[in-house]
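Only one structure is covered here, and it is reproduced in the block below.
Values reported hereafter were calculated over all heavy atoms of this structure, with side chains retained and with hydrogens, waters and symmetry mates removed.
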Amino acid sequence: MSKITGHILGFLSRFKFHIVILLGVLIVGVLDENSFMKRIEYAYQIDDLKAEIQKYDRQYQHDTQQLKDLKRDPKAIARIARERYFMKADDEDIFVLSDDEQPDNTQKYETTE
C-alpha cells in the first residue's frame with residue numbers, strides 16, 4: 001500500500017506545476033461561470049439581440065412612416081386596408097395569390113402493375 005502512495009506522491013511532486021497550470025486552464029477556460037466559453041456564448045447572444053433590435057427599429061420606422069401617411073393622406077387608409085386586410089370597394093374583386101406549394105397527391109393514386 002505504501003508503495004502505491006509513494007508512486008502517487010512522487011508523481012504529484014514531480015508534476016505539481018503542470019497539474020496546477022492544467023487545472024487553472026480548465027477552470028478559467030471551461031468550468032467557471034466566467035469562462036472563455038461562456039464569454040463566447042454571451043458574445044453570440046449579444047450579436048443576435050443586436051440584430052433583433054435592428055429588425056424592430058426598421059419595423060418601428062416603417063410603422064411610424066405609415067402612421068404619418070395615415071394622418072396626412074385619407075387615401076392611405078384605403079390603400080392600407082386593401083393591402084393588409086383585403087378589404088375592397090363595392091365595384092372591385094380581390095384575388096389573393098399564394099406562393100404556398102400544394103402537396104403532390106399523384107403518388108397516392110399511382111398503381112404498380
Are Val28 and Val20 connected in a single hydrophobic cluster, I mean Ile/Leu/Val/Met/Phe/Trp/Tyr linked by side-chain heavy atoms less than 4.5 Å apart? no
Contacts of type ring pair (Phe, Tyr, Trp, His ring centres under 6.0 Å), residue His7, not counting sequence neighbours: none
Measure the spacing between CG of Leu70 and CG of Asp63 and express it to the nearest 0.5 Å. 10.5 Å
Closest contact, heavy atoms only, Arg79 versus Asp69: NH2-OD2, 4.2 Å
If you round to the nearest 0.5 Å, how far is CD1 of Ile21 from CG of Leu26? 12.0 Å
State the NZ-CG distance between Lys68 and Asp73, to the nearest 0.5 angstrom. 15.0 Å
Anything under 30° is parallel, anything over 60° is perpendicular, the rest tilted; go ahead and classify Phe15 against His18. perpendicular
Here the gap from Leu67 atom CG to Gln65 atom CD, rounded to the nearest 0.5 Å, amounts to 9.5 Å
So which pairs with a foot in residues 33-53 pass side chain to side chain donor-acceptor pair (under 3.5 Å), sequence neighbours left out? none
Same cluster or not: are Ile19 and Ile8 linked, directly or through other Ile, Leu, Val, Met, Phe, Trp or Tyr residues, by side-chain heavy atoms under 4.5 angstrom apart? yes
Considering only residues two or more places apart or on different chains, which pairs with a residue in residues 49-70 satisfy ring-ring contact (aromatic ring centres under 6.0 Å, His included)? none
